Amino acid sequence: MTQRQVRVRIAPSPTGYVHVGTARTAIFNYLYARHYGGKFLVRIENTDRKRSDPALIEPILEAMKWLGLNWDEEIVYQADRLETYSRYAQQILADGHGYRCFCPPELLQKDRDEAQAQKRTPHYNRRCLNLSQEQIDSRLADGKPYTIRIRIPEGEPRFDDLVSGELTRRSEDIEDFIIARSDGSATYNLAVVVDDHEMGITDVIRGNDHITNTFKQIQIYRALGFEIPRFAHVPLILRPDKKKVSKRLGDKDVMAYREEGILPEAMFNYLCLLGWSSKDDREFYTVPELIDIFKAENFNPSNAIFDEEKLVAINREHIVRKTDHELAAIVAPLLVEAGLTSRYWLETRWDYLRAVVGLLKERVRRLQDFVTLSGYFFAFDYRYDAKAVAKQFTVEKADLLEELADRFEGQAGFTHQNVEATLSALAEEKGVKRAELIHPVRLAVSGIPAGPSLYEMLVVLSQPVVVERMHRAVDYIRSPGGS
RNA sequence: GACCCCAUCGUCCAGUGGCCUAGGACGGCGCCCUUUCACGGCGCAAACACGGGUUCGACUCCCGUUGGGGUCACCA
C-alpha cells in the first residue's frame, strides 16, 4: 500500500436499475474505503447521450441510499466532461500514441464477419495505421469522417490484481481500439481512464468481466503517462443458471428485494458473503462490523451463484435481532399499506404494535410475513380456517369455549399466568386435555391453527377482545352449518 | 472460435504440504423440545472434476485435460 489516501469509486452506467452484482461491487468499494479510511466516490457513466435520462440515473442513487452506501464528494457525471475526454484523445493522437482511422463502420463490420467466418480473432487489421501524411491530408480535405484509435505497442502488458495475482495478456491479443468516435466524442475506456486519473482513484474494484478492459485501459494510462492504480477484479455474481446477472435476463433490481421484504442490512450482509470471506465461520454481520474486518486480501477468486434462499435466511436473522420497537417502525407502514389498519390507529397504540411484532418475529422470514401473519390482530372479520374448523369446532367444544369465555370474562388479572391457570383448571374439571381447549381457543381468536404461544397471544389481544371472539366462535359453531 | 479468469458438499464459504476419517452456513432428511406454527437443540445424507508430475507425504505446489464463466462494438 502506498501512503496515499485510498480513493475508490463505483461507476454505474445508467440503466434505470441496479442488479445485485453492481450492488455488491458498490458495497465492496464502500467497505474498502471505510476500512482503509479513504473516500468512496460515485461516477455516472453516461457518455452515451441515451444514458443521460434522469429517470435512468435516479433509481441507481436510490438503491445506493437504500443500502446505506453514502458517498463522499460530488457525483461525477461523465456527460459533463465530454470536452475533457476529447482533449485527451487529441493528445494521444498528437503524441503519436494514436492514429486516425477512416474505415467506415460497414467495412469494419465486414472485416469482423470475415474473421468470424474464418475463425480468426476479429481484430482491427490496422488498415489506417500506416497511411502517409498525403493520404491523411487528402481524406481530411475530402471531409471524410474518422475515429481515433490507440496504437497498441509491442509487449506483454501485465498488472497485479488484488484478487487473482499477476494477470498478463499479449499485445497482439489487444486490438487498436477506438478511443474517439467520428464525432470526436470519447469512448468508454478513454473516459474511464481520464476520470479515474483526475478523480485520484487509487484502487479500481470492479467485476472480473472488466479484465479485458483493464488491459486496454493500461495502454491508455501509458499513452497518457498516468500512474496506474491498483486493480481488484472481484468475481461475478451468477444466476442459478450460471450466467452473470443482468437486466436483460430479467434479474431483479435490488429495490425489488425491498418490496419483497428484505432488510437492506440483510442484503448488504448477504452480498458480502459472495466473493469475499472473513475467513472464519461467521456469516451474520452488521455493517460496522464489516467495515472493521473488511480486508482486500480476503477477496475470493471464483464466481458465485446468488442464492435467494440464503438471502432470506440471513434476512430472518437480521429481523430477529432487531428490537421490537425498531421492527414496529418498519412494519407499521406495511400494515397501513395493506389496509389492515391506519396510521393514526397505530400511532395511538404503539405498545400494542410492538407487542404484536415481538410475538411474531420468530416466525417471520420476510417483512411481508408480518402482514400476512398479523391480520387477526387488527381485524375482526377474519374467517376461520376450514380445515381447522372441521377438526376443532365440534359441538362439544362450543360448551367448553362458552364456559372458558365466561371464566375469562371474570378473570381478575388477564396475565399469561392467570389465563393459563384458568384454562388448565377448566380442562381438569372437564377431564379433557389442555390441548382440547387450546386449539379451539386459538382458532376462535385468530381464525388460523398456527401462531404465537396462545397465552401470550391472548394477553396481547386483551381480555374483552378475547372474550368477544370466543363468544362469536360459540355462536358460529352453534349456527346452522357452523360445524 | 480467439483471448482471459475460475475449479472443495446442490449453493455460499473455511482449509494455504502432514492438525482432514475435509469444517461451517443455506437448503434437504430424521429425532428432541412443544398447545399450533416457528425458534432452538441434536443427528444424518452430501464435495476435494480428471490425469500426470514435485515431495517421505498432497484438497493444498507445477503441468495438462475436462468443465464452468467472462470478453471480443464508433454500448458502457
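Below, chain A is the first sequence line, B the second, and so on; all start at residue 1. Keep in mind it's a predicted model, so treat the numbers as computed, not measured.
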How many whole angstroms separate atom [atom1] of [X] from atom [atom2] of [N]?
| X | N | atom1 | atom2 | answer |
| --- | --- | --- | --- | --- |
| Arg120(A) | A2(B) | CZ | C1' | 11 Å |
| Ile305(A) | C9(B) | CD1 | P | 11 Å |
| Asp111(A) | A2(B) | CG | P | 20 Å |
| Ile319(A) | C39(B) | CD1 | C1' | 14 Å |
| Arg9(A) | A76(B) | CZ | P | 15 Å |
| Glu297(A) | U16(B) | CD | P | 16 Å |
| Glu166(A) | C5(B) | CD | P | 10 Å |
| Glu456(A) | C39(B) | CD | C1' | 12 Å |

For [X], what residues pass the salt bridge (charged side-chain N to carboxylate O under 4.0 Å, His left out) criterion, not counting sequence neighbours?
| X | value |
| --- | --- |
| Arg366(A) | Glu260(A), Glu308(A) |
| Arg169(A) | none |
| Glu58(A) | none |

The criterion is ring-ring contact (aromatic ring centres under 6.0 Å, His included); which residues satisfy it with [X], sequence neighbours excluded?
| X | answer |
| --- | --- |
| Tyr270(A) | Phe306(A) |
| Tyr88(A) | Phe226(A) |
| His318(A) | Phe284(A) |

Give every pair of a protein N or O atom and an N or O atom of nucleotides 58-60 of chain B that lie under 3.5 Å apart, one pair per line with the distance.
none

Quick one: is Ser164(A) getting a side-chain N or O under 4.0 Å of the C5(B) phosphate, OP1 or OP2?
no
Counting only side-chain N and O atoms of Asn298(A), is one of them less than 4.0 Å from OP1 or OP2 of C13(B)?
no
Out of the candidates Phe231(A), Tyr32(A), Phe28(A), only one should pair with Phe299(A) under the ring-ring contact (aromatic ring centres under 6.0 Å, His included) rule; please name it.
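So the option named by the test is Phe28(A).
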Could you run through nucleotides 25-38 of chain B and give me one letter per nucleotide, 5' to 3': B if any protein heavy atom sits under 4.0 Å from the base, S if only the sugar-phosphate is that close, - if neither?
BSS-------BBBB
Reading nucleotides 62-74 of chain B 5' to 3', which nucleotides get B (base under 4.0 Å from a protein heavy atom), which S (sugar-phosphate only), which -?
------SSSS-SB
How should the glycosidic conformation of C39(B) be described, syn or anti, under the criterion that syn lies within 90° of 0?
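For C39(B), whose glycosidic angle is within 90° of 0, the conformation is syn.
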Using a heavy-atom cut-off of 4.0 Å across all strands, would you classify Gly207(A) as base, sugar-phosphate, or nothing?
nothing
Classify Ser185(A) by what it touches in the nucleic acid, base, sugar-phosphate, or nothing, heavy-atom distance under 4.0 Å.
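Nothing, no nucleic acid heavy atom in range.
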Who is the Watson-Crick or G-U wobble partner of U65(B), with both distances under 3.5 Å?
A49(B)
Counter-base of U34(B), judged by Watson-Crick or G-U geometry with both distances under 3.5 Å:
none
Verify salt bridge (Lys or Arg N to Asp or Glu O under 4.0 Å) between Glu403(A) and Arg407(A), making sure each step is shown before the conclusion.
CA-CA 6 Å; Glu403(A) 174 65 25; Arg407(A) 293 193 188 190; 2.8 Å; yes
If each of Phe306(A) and Arg170(A) is mapped to the nucleotide of RNA chain B with the nearest heavy atom, which maps nearer the 5' terminus, i.e. the 5' end?
Arg170(A)
Of Ala186(A) and Ile211(A), whose closest RNA chain B nucleotide lies nearer the 5' terminus?
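Of the two residues, Ile211(A) wins.
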Sorted by chain and number, sequence neighbours left out, side-chain contact (heavy atoms from CB on, under 4.5 Å) with Glu420(A) holds for His416(A), Ser424(A), Arg434(A), Tyr455(A)
Using side-chain contact (heavy atoms from CB on, under 4.5 Å) as the criterion, list what pairs up with Glu45(A), not counting sequence neighbours.
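Here the qualifying residues are Ala11(A), Arg43(A), Gln78(A), Tyr188(A), Val192(A).
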Looking at Asn29(A), Asp203(A), Asp195(A), Asp196(A), which one forms a side-chain hydrogen bond (donor to acceptor under 3.5 Å, both in side chains) with Arg9(A)?
Asp196(A)
Side-chain donor-acceptor pairs under 3.5 Å in residues 436-448 of chain A, sequence neighbours left out?
residue: Arg442(A); atom: NH1; partner: Pro452(A); partner atom: O; Å: 3.0
residue: Arg442(A); atom: NH2; partner: Pro452(A); partner atom: O; Å: 2.9
residue: Ser446(A); atom: OG; partner: Arg442(A); partner atom: O; Å: 2.8
residue: Ser446(A); atom: OG; partner: Ile448(A); partner atom: N; Å: 3.2
residue: Ser446(A); atom: OG; partner: Ile448(A); partner atom: O; Å: 3.0

Test Phe268(A) against Tyr285(A) for ring-ring contact (aromatic ring centres under 6.0 Å, His included), laying out the working first.
CA-CA 9 Å; Phe268(A) 197 116; Tyr285(A) 292 104; over 10 Å; no
Span that lies between the C1' atom of G10(B) and that of U16(B), in whole angstrom
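So the two C1' atoms sit 26 Å from each other.
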